[in-house]
Structures are given as C-alpha cells and as structure tokens.
Chemist: 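Sending over a structure as structure tokens; questions will come in a sec.
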Amino acid sequence: MEKVIDESQQGSALSLENKEKNGRKLYIESYGCQMNFSDSEIVASILAKEGFNTTQNLDDADLVLVNTCSIREKAEQTVRKRLEKFNAVKRTKPNMKVGVLGCMAERLKSKFLEEEKIVDMVVGPDAYKDLPNLIQEIDEGRNAVNVILSKDETYGDVAPVRLNTNGVSAFVSITRGCDNMCTFCVVPFTRGRERSRDPQSILEEVNDLWERGFKEITLLGQNVDSYLWYGGGLKKDFDKASDMQKATSVNFAGLLELVAQARPKMRIRFSTSNPQDMTLDVIEAMAKYENICKYIHLPVQSGSNRILKAMNRLHTREEYFELIDNIRKIIPDCAISQDMITGFPTETEEDHQDTLSLMEYVKYDFGFMFAYSERPGTLAERKMEDDIPEATKKRRLSEIIEVQQKHSHYRTQQHLGKTQEILVEGTSKKSDAHWMGRNSQNTVAVFPKEHYKVGDFVNVKINECTSATLIGEAVGYSENN
Ligand code: SAM
C-alpha cells in the first residue's frame, strides 16, 4: 500500500466553534505534515483571543492565512497556485489581508513581500505569538514580517483549539525543530534547532483531551526519540546544563511512561522516529504498557550504505537491521512503516537494489515513498548534482511502491482470524453501514455498525482483508471501554 500524505486534508480550511463577541473572520488553510496542521490549531487559538472567528468561506474572510510546506518543490508549487487565487479575490476585496505562515514563510522570508508582492504578512513557525502585533501592522497599512527562529519556543502555554476534529484522536506536539541535518532535508532551515516541551504542559494537554472525551493521542515531533527536557532550551545545549538539571531530565522513554501511566485507558501513538535516535528503552516502554500502540514509523530513506552516508543519516543498513530485530524480539506484533526517497544524487541501480532488499528484509506494514526533490539551501543542493533523470526516479519509485503493496498485503493477512481491539473513528468512506477505526498497529479496519458508536473500543474479529484494510465483525466491547 502506498501511503501518502492524506490529500483530502491538504489545503483544507479549518474552522472552530465561534465566539459570539468576535467580529473578524479568519480563513486558514494548511498544507504539508501533521506538525503544520497542529500549528494551525495554535494559530487559531492565538487569534481567537484577538477577535477572530474562523470561516470556511473565503469570500467572508477579513484575514486569509496559508500554513505552508517546503519539503518538496511540488508542495511549494501548490501553495503558489493558492496564493494566486487569493490575489485574484483580493482584487475584488481590497480590505482582505493575506498572510503566509510556516516553512515557506521561513524559507523565502521577505522575498514574498519585496519581489513577489503577493502577500501582506510573512510569519515563520516560531513567531506565531507575535501575530497580534503583526496584524496591527497590516491593519495600519504596512507589510509585516517575523521569521525569527527561537531557542525555546514550544507553545507549551498555548492551549490549541481542535480544528475539524473527529473528537476521538488528537495530536500533541512534544518537540519543535530538528538537529539531524539530513543532507536532502529543508526542515532544520525552516523549523530551526531542536527543543523539547515541558512534560508537565504535555500531561496537562493530554489530561484535558481525556476529559473532553478524546481516546487517542499522537505525540508529535520531527524526531520524537530525541525528546529531552532538562528545564528548557536547545537539545544541543544539554551538555551545559547543571548537574541537577541533568539528574531530573526526562527523555522520550521517560515521557512515554509518564503519559502511559497518567491515562492508562488512552491510546498513545508517536511520530516520527529516527533510527539513529531510537533507543531500546523506548521499545521496552512500548512493550511494558498495553496502551502504547504497537506501531513505529521508522523512516530509512535508502537501503544503501553509500547513500545513507551521503544523506548524513548516521546509521548503516546493518544497524537498522539490528534495530528492526530488537523491535521484533521485544514486541513481536509491532507494525513498522517507512519513508523512502528514490533518486538521491548518485544513486545507482545497485543502490536501488539495496533499497529493495532492505524492504524484503523488513516487510513494512506501510510506506510513504517519494522521488528526490532538490531543496534550495540544503547540503545536497550545495554539494551534489541532482543527476538522476526524472524518468529513472519515477521508475524506481514505482518499483518500491509495488514491493510495498505486496508487503502491505502480506502484513494485513497476518491479522486474519484474530480478534483485535478497534477504536471507532467514524463512518467508513465506502459504506454508511460500517464503522472505520484502527487496531493498535494502525491498520484500518471496517465492520458493521450495530449498536456501537464513535469513540468506542470494540473487539473485532478479522475475516477478510485487502492490502490496506481489514474487514471484520464486532464481537463485543473491549475491556478498555
Ligand atoms: N524527521 C523524519 C525523518 O527524516 O526521519 C521525517 C521528516 S519529513 C517531514 C518527511 C519525509 O519527507 C522524509 O522522511 C523524507 O522521506 C521526505 N523528504 C524530505 N526531504 C525530501 C526531499 N528533498 N525530496 C523528497 N522527499 C523528501
């Protein structure tokens, strides 16, 4: 199964419960990774206090914000097309203001204002608390920009509003930025250095979600395994922390345990893991707590040692296999998924075969696969030629997608005949008479609705499957209910 970013969510306009006294209308669209969608909830929360209600109707908007993604060139092209559309609307509504948020804002900075003249405001991912001042600037007729990256901003003190939620699962951000410096990746430049959020504020958010009826959370960060709280500040400055700060620090395994113990009936997921930072204590914590879901998203990007080195991934193929073996030994039923890039500079057919053989070894449950897209400012762009022809990238991509589909089907077949706990998220896309939910391994399951409802934990006997979906029948509530 090819798992791609949910296109139906891309660019969706988010709205929340309106406050009566709020007089201005905000239209906010989000693109890219889950972190961006989560950030838009923070932005909406900040602006609700500034008198803005959200709207899903562009024509009603006083302020249009686009939360943008720079990860691949195509993502940026999509946003540019939307900005052209907003500009056309602006010509008929001159009082409407347009702002760019997120990674493209950080990457292109004031270029949006000076050369392209298509927006009024440019705000980077660490500057959302400055939005009230920036909006005042544009209200007074000046352009506004704040793209300063922060050492300690985690928005831990902003209670995000849940936009377009199913009321069952929510994302809780735990780290911001990334220090890994993979040579293909723009994230360290657009989201800054890595810092972790205070565990106390994470627990408060989780408790609040539980009290409001949520049943599942995903702890979110570019590299969650690298989580390290020692009183605030950048991960890279941990060496300079006091002995007391070091002794009372909390790592990712510690955070997982804190959250799992605080809410034993809440499902806990996390994303994304990086192989070089994932430690055995995380896998052991997953095995120890029933409520931590048995699923790890573990991007590898390539199966070739030479390409892994050129990507600065800081682990070898053999070390990755060792990690996979440990996961399988400690949690035999754990699902594992990958991110893969085809056509990184200098990738040969032999490198590509190494990727295919790595996939054969792991037999991933899911995969997110991409053709290499050169990103300005990255080390790969500065030092290497983007020398693999588009047709070769695409052919290799379709080969790995084909192998992934085969493995996804193999993995869904392993669930056949078993009775598994499914958390009901909503109605199946294909049938109004069926619920859709997920098992602990994150595989989608559908079953007849009967008397069950959204948010129930239901034991479902799996009778059939496709490469993407388990099909079953309910046999009763799970003891979690
Ligand atoms: N932090 C995670 C990691 O690297 O392990 C994932 C971060 S990124 C938001 C999600 C995925 O986008 C990456 O895992 C990678 O597969 C893909 N990606 C990043 N930069 C890319 C590029 N220049 N071209 C193609 N795909 C890219």
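Numbering of ligands and ligand atoms starts at 1, following listing order.
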Chemist: Using the rule ring pair (Phe, Tyr, Trp, His ring centres under 6.0 Å), only one of Trp229, Tyr227, Tyr230 pairs with Phe238; which is it?
Modeler: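 It is Tyr230; the other options fail the test.
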Chemist: Report yes if the distance between the aromatic ring centroids of Tyr364 and His407 is under 6.0 Å, otherwise no.
Modeler: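 Ring centroids of Tyr364 and His407 are no less than 6.0 Å from each other.
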Chemist: If you look only at pairs with a residue in residues 285-303, which of them pass as a salt bridge (Lys or Arg N to Asp or Glu O under 4.0 Å), with sequence neighbours excluded?
Modeler: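 Only Glu257-Lys288 qualify under salt bridge (Lys or Arg N to Asp or Glu O under 4.0 Å).
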Chemist: Listing by chain and number, which residues have a heavy atom under 4.0 Å from ligand 1?
Modeler: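 If the criterion is a heavy atom under 4.0 Å, then ligand 1 touches Ile71, Arg72, Phe184, Gln222, Thr272, Asn274, Pro299, Gln301, Arg313, Asp339, Ile341, Phe370, Ala371, Tyr372, Ser373, Arg375.
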Chemist: So does Lys309 have more than 12 non-hydrogen atoms from other groups sitting under 6.0 Å from NZ?
Modeler: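 12 or below, so no.
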Chemist: Got a sec, which residues hit side-chain contact (heavy atoms from CB on, under 4.5 Å) with Asp152, two or more places apart in sequence or on another chain?
Modeler: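 Ser150.
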Chemist: Tell me the salt bridge (Lys or Arg N to Asp or Glu O under 4.0 Å) pairs involving residues 386-400, sequence neighbours left out?
Modeler: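 Those involving residues 386-400 are Glu347-Arg396, Glu349-Arg395, Glu349-Arg396, Asp386-Lys393, Glu390-Lys393, Arg395-Glu399.
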